[in-house]
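Right, one structure below, let's go through it.
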Amino acid sequence: MQHYQLYIDGDWCDAADGGKLDSVNPASGEVWCTCAVAGESEVNRAVAAARRAMSEGPWAEMTATARGKMLRALGDAVAQKAQHLGEIETIDSGKLAKETKMQTGYVSDYYYYYAGLADKVQGATLPIDKPNMHVYTKRVPIGVVAAVVPWNAQMFLTATKLGPALAAGNAVVLKASEQAPAPMFEFAKIVEEVGIPPGVINVITGHGEPCGRLLTSHPDVARVAFTGGPETAKHIVRNSAENFAIVSLELGGKSPIIVFEDADLEGAVNGVIAGNFGATGQSCVAGSRVFIQSSIRDKFLEKLVERAAQIVIGDPLGDDTQVGPLCTQAQVDHVSSSVKMAVDEGAKLLHGGKQPDGMAGQYYVPTILDCPHQDIQTVREEMFGPVLSALSFDTEDEAIALANDSRFGLGAGVFTENLARGLRVSDAIHSGIVWVNTYRAISPIAPFGGFKHSGSGREAGMEAMNEYTAIKTIWINTSSEPMANPFVMR
Ligand code: NAD
């Protein structure tokens with residue numbers, strides 16, 4: 001059976017205490033590989049290696065332009081290996097191969113984007129309010145970065161962190177999720193092949209306790225880039241009380257999609273189906289609450305159910321598959337009990353609500369619930385599975401109020417042919433991203449992140465670059481006179 005070792009300081013190793021985990025292929029429910037699990041000694045070694053790489057050796061001495069070239073080479077190598085990386089990600093996580101291969105191919109664009117930005121990080125000369133002083137700022141690397149990622153889009157979520165972190169001159173310890181860690185070790189092989197100096201990118205895995213805690217509270221970690229669930233994020237913030245690391249949080253959502261009566265209905269159906277059932281609903285931006293204007297409610301629900309019934313469920317490696325398995329059995333159980341609870345609370349099951357007949361593996365049928373109000377389990381809580389809660393509204397103001405009535409604020413969708421309405425509603429929705437007449441579009445150029453309990457900080461775009469630098473201010477006395485007696489006030 002395939003076994004993955006940890007990648008620390010340019011070397012491959014098992015854990016000193018022999019810790020390892022089994023990784024399950026969700027399509028079969030069978031263990032298909034094992035991975036070494038980092039204990040305290042490996043976490044310490046990885047952080048020390050990253051720290052060393054930033055203070056001595058080739059990485060520390062490299063110009064920003066040369067770092068950019070190295071990131072470009074990493075992007076090229078990821079693009080070349082996209083098919084293989086995507087396949088491993090699919091076997092390990094159950095995410096459709098069509099998506100993982102395409103997404104991994106696109107991931108290289110994130111490395112290219114930040115490769116180009118590496119030598120455009122600049123400080124400023126300040127028009128200071130004192131005579132004979134030359135004062136300027138520099139943006140310097142922030143320090144060792146702990147990148148902690150969930151299982152659902154690891155290649156992508158790694159690129160959004162490593163791109164700006166490395167472009168800015170930092171070194172990284174990447175903690176792969178304990179669910180589906182294999183693609184990250186395949187990525188580490190590429191890091192080695194490309195010749196990224198030892199210690200600049202270290203790849204480990206382990207559970208939140210103790211591995212994640214030890215890493216994110218480590219005294220030599222200066223920056224924690226976290227993507228995951230809101231409950232874990234509370235631990236991350238507490239851990240950062242130990243090292244005062246700057247923390248960014250990319251968390252979950254309960255994103256609304258509003259469909260107005262003037263929408264192009266075919267486009268809106270596609271948007272809702274792709275927005276919620278894409279990635280089998282295991283997406284942070286899943287548009288899992290759809291608000292339909294009352295005048296088109298019945299017609300629209302009918303179309304949605306018709307489309308959901310046509311979704312092909314199956315082997316995530318298959319070319320025709322549209323919805324694959326969920327990553328873990330615990331996730332299937334969570335979705336299943338949440339749907340039962342929603343029905344008990346008054347929701348009407350329009351489609352799905354069960355595991356598919358005669359299929360082994362961790363599958364769940366795409367589910368649509370007609371919900372009379374928002375106080376229902378599947379409307380309030382992130383499902384992270386293929387469950388859509390449908391609600392209706394009469395007026396634009398009501399739609400906005402319902403959409404904003406959530407503790408989350410990551411994504412939102414608006415379907416309307418009225419441009420002014422599209423602009424008004426996108427301004428009024430409290431979320432980090434709004435898509436009008438489209439959904440789930442992303443780009444290295446466009447900042448990504450949430451409001452409220454969906455997190456803080458931004459990934460992608462210029463904004464992310466600054467989040468991996470620290471400002472340093474330099475004061476130079478340009479007077480020809482020696483420094484004045486400090487006890488004589490002038
Ligand atoms: P999770 O929070 O359980 O785990 C995420 C990572 O945190 C894993 O690597 C895990 O080992 C680590 N971790 C757990 N406990 C820790 C601790 N105490 N200290 C440090 N690290 C710890 O999330 P998951 O179930 O793997 O992923 C699903 C969640 O991720 C969903 O809520 C989803 O919305 C969110 N997500 C958000 C985005 C985004 O960009 N906003 C993208 C993808 C996924």
Side-chain angles (χ1 to χ4, degrees), residues 21 23 26 35 37-38 43 92-95 99 103 110 146-161 173-181 183-184 203-218 221 224-243 245 247-255 276 278-288 326-331 334-335 381-385 406-411 431-433 440 442 446-460 464:
L21 57 78
S23 199
C35 289
V37 166
V43 170
D92 214 17
S93 71
K95 192 167 166 170
E99 287 189 49
Q103 199 172 52
Y110 284 75
V148 180
V149 290
W151 56 268
N152 71 318
Q154 291 191 79
M155 286 302 300
F156 166 67
L157 296 167
T158 293
T160 57
K161 296 168 180 58
V173 180
L174 167 67
K175 193 195 90 56
S177 170
E178 67 277 27
Q179 314 288 351
M184 293 294 90
V203 183
I204 62 173
T205 191
H207 297 86
E209 183 59 47
C211 178
R213 174 180 53 81
L214 290 169
L215 176 61
T216 54
S217 60
H218 196 288
V221 163
V224 176
F226 173 75
T227 301
E231 286 310 310
T232 313
K234 291 179 188 169
H235 289 285
I236 299 287
V237 172
R238 283 186 209 111
N239 295 348
S240 72
E242 300 298 321
N243 55 12
V247 175
S248 59
L249 303 171
E250 294 290 344
L251 312 179
K254 196 71 221 173
S255 302
N276 189 57
T280 314
Q282 300 171 112
S283 162
C284 53
V285 291
S288 54
L326 300 188
C327 183
T328 63
Q329 184 56 43
Q331 201 39 35
H334 164 67
V335 166
E381 302 302 326
E382 185 181 37
M383 287 295 105
F384 225 58
S406 167
R407 67 181 194 283
F408 295 108
L410 187 54
S431 67
I433 311 154
R440 273 184 92 203
I442 51 162
F448 183 100
F451 290 178
K452 303 193 273 185
H453 288 209
S454 291
S456 55
R458 288 294 176 267
E459 296 200 326

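Since the model is a prediction, treat every value here as computed from it, not as a measurement. For ligands, and for the atoms within them, numbers begin at 1 and follow the listed sequence.
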Note, Pro230 side chain near Phe408 side chain (heavy atom, < 4.5 Å): yes

Nearest protein heavy atom with distance in Å, relative to atom 26 (O) of ligand 1: Trp151 CD1, 3.2 Å

Atom indices of ligand 1 within 4.0 angstrom of Leu157 heavy atoms, with elements: 42 (C), 43 (C)

Nitrogen or oxygen of Phe448 less than 3.5 angstrom from that of ligand 1: no

Nearest candidate to atom 8 (C) of ligand 1, where distance is taken over non-hydrogen atoms, out of Leu174, Val149, Asn152: Val149

Side chains of Lys95 and Thr280, donor plus acceptor under 3.5 Å: no

Numbered atoms and elements of ligand 1 in range of Leu410, under 4.0 angstrom, heavy atoms: 41 (N)

Ligand 1 atoms in contact with Arg213 (distance to a heavy atom under 4.0 Å): 19 (N), 20 (C)

Region of Leu215 engaging ligand 1 - heavy atom pairs below 4.0 Å: neither

Nearest neighbour in protein (non-hydrogen) for atom 27 (O) of ligand 1: Pro150 CB, 3.2 Å

Contact check, Glu209 vs ligand 1, heavy-atom distance below 4.0 Å: no

Minimum heavy-atom distance between Val224 and Ala245, given as atom pair plus value: CG2-CB, 4.0 Å

Euclidean distance, Lys175 NZ relative to Leu214 CG, rounded to 0.5 Å: 11.0 Å

Those atoms of ligand 1 less than 4.0 Å from some heavy atom in Glu250: 37 (C), 38 (C), 39 (C), 40 (O), 41 (N)

Evaluation steps, side chain to side chain contact (heavy atoms under 4.5 Å, CB included), between Glu381 and Arg407: CA-CA 9 Å; Glu381 302 302 326; Arg407 67 181 194 283; 3.3 Å; yes

Minimal non-hydrogen separation, His218 against Asn243, with atom names: O-ND2, 2.9 Å

Rounded distance (nearest 0.5 Å) linking atom CG of Leu251 with atom CD of Glu382: 9.0 Å

Distance from atom 7 (O) of ligand 1 to nearest protein heavy atom, with residue and atom: Phe226 CE1, 3.3 Å

Any Pro181 side-chain heavy atom under 4.5 Å of Leu21 side chain: yes

Contact with ligand 1 for Gln179, non-hydrogen, under 4.0 angstrom: no

Distance from atom 41 (N) of ligand 1 to nearest protein heavy atom, with residue and atom: Leu251 O, 2.7 Å

Where ligand 1 meets Gly252 - atom numbers and elements under 4.0 angstrom, heavy-atom basis: 32 (O), 34 (O)

Pairwise side-chain contact, Ile442 with Phe156, heavy-atom cut-off 4.5 Å (strictly under): yes

Which atom of Pro26 lies closest to which atom of Asp92, heavy atoms considered: CD-O, 3.6 Å

Per-residue contact class, His235 against ligand 1 - non-hydrogen pairs under 4.0 Å: side chain

Closest contact, heavy atoms only, Ser431 versus Leu410: CB-O, 3.6 Å

Nearest non-hydrogen partners of Arg440 and Ser283, listed with the distance: NE-OG, 3.9 Å

Check against side chain to side chain contact (heavy atoms under 4.5 Å, CB included), Glu99 and Gln103: CA-CA 6 Å; Glu99 287 189 49; Gln103 199 172 52; 5.7 Å; no

For Thr227, atoms of ligand 1 separated by under 4.0 Å from a heavy atom: 5 (C), 36 (N), 37 (C), 38 (C), 39 (C), 40 (O), 42 (C), 43 (C), 44 (C)

Heteroatom proximity flag, Ser283 to ligand 1, N/O under 3.5 Å: no

Shortest protein heavy-atom distance from atom 20 (C) of ligand 1, along with the residue and atom involved: Gly212 C, 3.2 Å

Proximal ligand 1 atoms for Ile236, defined as those under 4.0 Å from one of its heavy atoms: 19 (N), 20 (C), 21 (N)

Contacting atoms of ligand 1, where contact means under 4.0 angstrom from a heavy atom of Asn239: 19 (N)

Residue part near ligand 1, for Val148, under 4.0 Å between non-hydrogen atoms: side chain

Nearest protein heavy atom with distance in Å, relative to atom 4 (O) of ligand 1: Thr232 OG1, 4.4 Å

Glu231 and ligand 1 - part of the residue with a heavy-atom distance under 4.0 Å: neither

Glu242 versus Ser217, side-chain donor and acceptor atoms under 3.5 Å: no

Heavy-atom closest contact (Asn152 atom, Cys284 atom, distance): ND2-N, 4.3 Å

Protein heavy atom at shortest distance from atom 34 (O) of ligand 1: Glu382 OE2, 2.5 Å

Nearest protein heavy atom with distance in Å, relative to atom 42 (C) of ligand 1: Cys284 SG, 3.1 Å

